[in-house]
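In what follows, a structure is listed as structure tokens, so that the remarks can point back to it.
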There are 2 protein chains.
Amino acid sequence: MLTDAREIMQNQAATGSKARPSTKAHNASVDLIAVVVAMTEHGPSVLAVGAGDALPSGPFEHGHRSLQSGLRGWVEHQTGHQLGYIEQLYTFADRDRIGEEGQQRVISISYLALTRAEHSVGLRRRLWRSWYDFFPWEDHRTGVPTIISDVVEPRLLAWASEPGSESLRRERRQRASFAFGLDGSSWNEELALQRYELLYEAGLIEEATRGSERRAPPPPVPGAKMIADHRRILATAIARLRSKIKYRPVVFELMPPVFTLLQLQRTVEALSGRLVHKPNFRRLIEQQELVEETGETTADTVGRPAKLFRFRHAVLDERVAAGTK
Amino acid sequence: MLTDAREIMQNQAATGSKARPSTKAHNASVDLIAVVVAMTEHGPSVLAVGAGDALPSGPFEHGHRSLQSGLRGWVEHQTGHQLGYIEQLYTFADRDRIGEEGQQRVISISYLALTRAEHSVGLRRRLWRSWYDFFPWEDHRTGVPTIISDVVEPRLLAWASEPGSESLRRERRQRASFAFGLDGSSWNEELALQRYELLYEAGLIEEATRGSERRAPPPPVPGAKMIADHRRILATAIARLRSKIKYRPVVFELMPPVFTLLQLQRTVEALSGRLVHKPNFRRLIEQQELVEETGETTADTVGRPAKLFRFRHAVLDERVAAGTK
DNA sequence: TCCAATTATTCTCTAAGTGAGTATAATGTG
DNA sequence: CACATTATACTCACTTAGAGAATAATTGGA
């Protein structure tokens with residue numbers, strides 16, 4: 001069907017400067033990359049492979065019914081994890097990765113998947129790592145991390161003071177303040193990607209200085225590195241998830257079937273990287289009718305026993321907006 | 001760089017059932033598809049090619065610096081339009097479109113682009129069509145369109161009454177009510193994609209009954225058809241744009257450099273398909289400081305002259321959230 | 001047994017935001 | 001100069017969101 005459109009386009013393009021003489025199909029290899037998130041004892045964690053510095057990924061194959069099922073198959077077969085929720089993140093073409101034939105480019109399609117760590121089956125090699133290992137400046141649950149005032153802020157200010165036009169310097173200072181909540185700005189947890197990109201641009205991310213050996217790069221800001229652009233993809237996933245939990249009930253994909261409201265709150269806090277007001281959180285959850293009581297209570301720990309709840313799957317049909325803002 | 005990751009994955013996969021023996025690259029051809037939106041005299045319009053039933057699209061080429069610049073190049077050279085704002089929509093692999101060699105699949109990457117119709121240069125063949133030509137049920141500016149109560153609702157209810165389990169029928173009724181604001185539900189303009197998918201699933205969209213000639217399809221609901229899945233891509237774009245204008249100042253990409261507040265309001269209304277309260281709209285725009293006065297006023301029409309405004313481009317740096325909710 | 005510590009749960013208060021209506025101002029037209 | 005028309009300003013009720021205080025039900029030990 002689409003051939004019609006392409007022919008039309010090429011006929012039109014024939015009058016432009018980018019006209020292509022032939023109808024030869026243009027080839028690329030397609031990679032599927034997954035950011036698989038689960039809650040572990042170490043906090044919000046991501047499934048890593050290799051030396052713990054790579055996201056699961058694999059080529060899109062003919063046997064795959066669709067992109068999404070291809071990804072699902074890869075992750076399930078490799079790690080024994082059933083992915084509950086899958087969402088496409090972004091598609092990009094890496095300019096620097098030309099295949100040997102020169103006629104090949106790599107298209108990477110990245111996904112965010114949510115699961116539970118217990119869904120792990122078998123003993124295959126895998127690694128859950130807290131995403132704050134990769135982004136230590138993103139965890140504000142116990143206040144603004146010291147790394148920001150000790151390392152990030154001075155280095156960004158140094159970068160913003162490099163020789164150049166005054167307007168460039170002011171713009172850099174402004175972007176740094178905005179992204180990291182410096183000066184009067186407030187911290188916005190959804191800016192995870194912008195923060196990573198800013199540090200990358202400032203040369204403070206290890207991945208940014210790989211390959212180009214022109215001059216000695218400045219020592220990078222703390223945070224575990226990843227191969228290729230995987231850390232950027234992870235930052236994209238974090239930003240997307242932090243935004244999404246506010247208007248869609250996706251947190252429950254990370255929860256056990258039955259949980260207390262505090263456990264739910266802790267999960268939301270772990271994802272967003274900041275604490276929430278407990279009574280307000282409860283009010284929000286209950287007035288949205290996201291959960292229903294099981295009738296049971298916990299007895300395991302100290303303090304008053306908490307009621308147990310389960311997710312009301314019916315809300316998925318009932319409403320459009322429902323989340324944990 | 002990514003080769004590392006892929007090798008790791010394949011080593012792991014070797015223990016799974018989907019192990020692939022070779023490292024042979026998997027090929028696909030990549031199509032870029034653009035939904036180019038502008039305001040014309042006919043309302044919110046989309047750039048169509050061919051018989052007005054196809055979105056501009058073209059293959060991703062080696063000369064393209066990136067996917068986005070590839071798309072930009074295609075559209076600019078074909079239509080003379082400068083695309084201000086480009087945003088990736090979705091990437092999908094069409095199962096039914098296998099290339100002649102059998103070793104080929106088509107990956108389509110769709111984009112939403114915003115421009116102004118006046119940016120048109122030259123006389124190349126092109127066509128602006130109101131997007132309500134394709135989705136007549138989406139325009140609620142003059143009340144609920146009659147097509148909903150006259151055609152959509154009865155046909156959907158008939159579909160929801162087909163033989164099957166009672167739970168299936170109830171679920172269908174519920175989805176129809178939710179998507180189209182029937183019964184007690186209220187209309188939600190952001191559900192454009194869900195509505196199209198529901199009609200498609202119910203066999204009421206012409207594209208849904210193409211190819212399969214098993215039995216006589218029911219007559220489709222009014223609305224211009226498009227080739228392949230282009231109408232679905234357009235629905236995705238509409239939904240995305242209707243959502244986005246609420247929290248990001250993207251409307252201004254569609255506005256002339258200088259405009260009145262009423263013109264801005266009419267544009268927002270045209271996009272969202274519903275009327276807004278004029279005083280509240282003004283209050284919102286002004287308190288967000290999205291615009292600044294030029295000092296001039298209009299003199300062209302009847303009534304009190306309106307102040308002219310221009311977009312404050314500074315807001316793009318200042319804030320994260322800024323829109324026309 | 002009873003008090004302290006701990007966690008759960010409910011309420012209140014306030015500020016800010018949103019939806020809807022009303023009033024006033026400035027222009028052109030008959 | 002009344003009047004239609006569009007622009008602009010103001011008000012009010014209602015809902016939502018942030019923050020703190022108060023009360024309830026447990027466990028662990030003095």
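Between A:Arg304 and D:dA24, a side-chain N or O to OP1/OP2 separation shorter than 4.0 Å is absent. When the side-chain nitrogen and oxygen atoms of B:Lys278 are compared with OP1 and OP2 of D:dT8, none of them lie within a distance under 4.0 Å.
Along DNA chain C, the nucleotide nearest to A:Ala306 and the one nearest to B:His277 differ in position, and the one closer to the 5' end is contacted by A:Ala306. Comparing A:Pro279 and A:Gly303 along DNA chain D, the residue whose closest nucleotide (by nearest heavy atom) sits nearer the 5' end is A:Pro279.
Side chain of B:Lys307, nearest nucleotide from D:dA7, D:dT8, D:dG20: D:dT8. When distances run from any side-chain atom of A:Arg282 to the nucleotides C:dA8, C:dC11, C:dT27, the shortest one goes to C:dA8.
B:Arg175 and B:Glu197 are not joined by a salt bridge, as no carboxylate oxygen comes within less than 4.0 angstrom of a charged side-chain nitrogen. Electrostatic pairing of A:Glu138 and A:Arg242 counts as a salt bridge here, judged by a charged N lying under 4.0 Å from a carboxylate O.
Here the straight-line distance linking atom CD of B:Gln287 with atom CG of B:Leu284 works out to 5.5 Å at 0.5 Å rounding.
Separating the CZ atom of A:Phe259 from the P atom of C:dT7 is a distance of 20 Å, rounded to the nearest angstrom. Spacing between atom CD of B:Glu293 and atom C1' of D:dT8 amounts to 11 Å, rounded to whole angstrom units. We find that CG of A:Leu264 is positioned 12 Å from P of C:dT9, with the value rounded to whole Å. Atom-to-atom, CD of B:Gln287 to P of D:dC10 comes out at 15 Å; the value is rounded to the nearest Å. Regarding A:Leu275, its CG atom lies at a distance of 19 Å from the P atom of D:dA17, rounded to whole Å. The separation between A:Leu262 atom CG and D:dA24 atom P is 21 Å, rounded to whole Å. Atom CG of B:Leu284 and atom P of C:dG17 are 11 Å apart (whole Å). Distance B:Phe281 CZ to C:dT18 P: 14 Å, rounded to the nearest Å.
Closest heavy-atom contact between A:Leu112 and A:Leu89: N-CG, 3.8 Å. Smallest separation of non-hydrogen atoms from A:Met39 and A:Thr267: CG-CG2, 3.7 Å.
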Under-3.5 Å N/O pairs linking protein and nucleotides 11-13 of chain D:
none

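Between A:Phe135 and A:Trp137, the ring planes are perpendicular. Angles over 60° get that label, and only those under 30° would be called parallel.
A:Leu261 comes within 4.0 angstrom of no nucleic acid atom, judged by non-hydrogen atoms across all strands.
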Candidate pair A:Lys307 and A:Glu293, rule salt bridge (charged side-chain N to carboxylate O under 4.0 Å, His left out), full reasoning: CA-CA 7 Å; A:Lys307 288 180 189 162; A:Glu293 297 185 17; 3.4 Å; yes
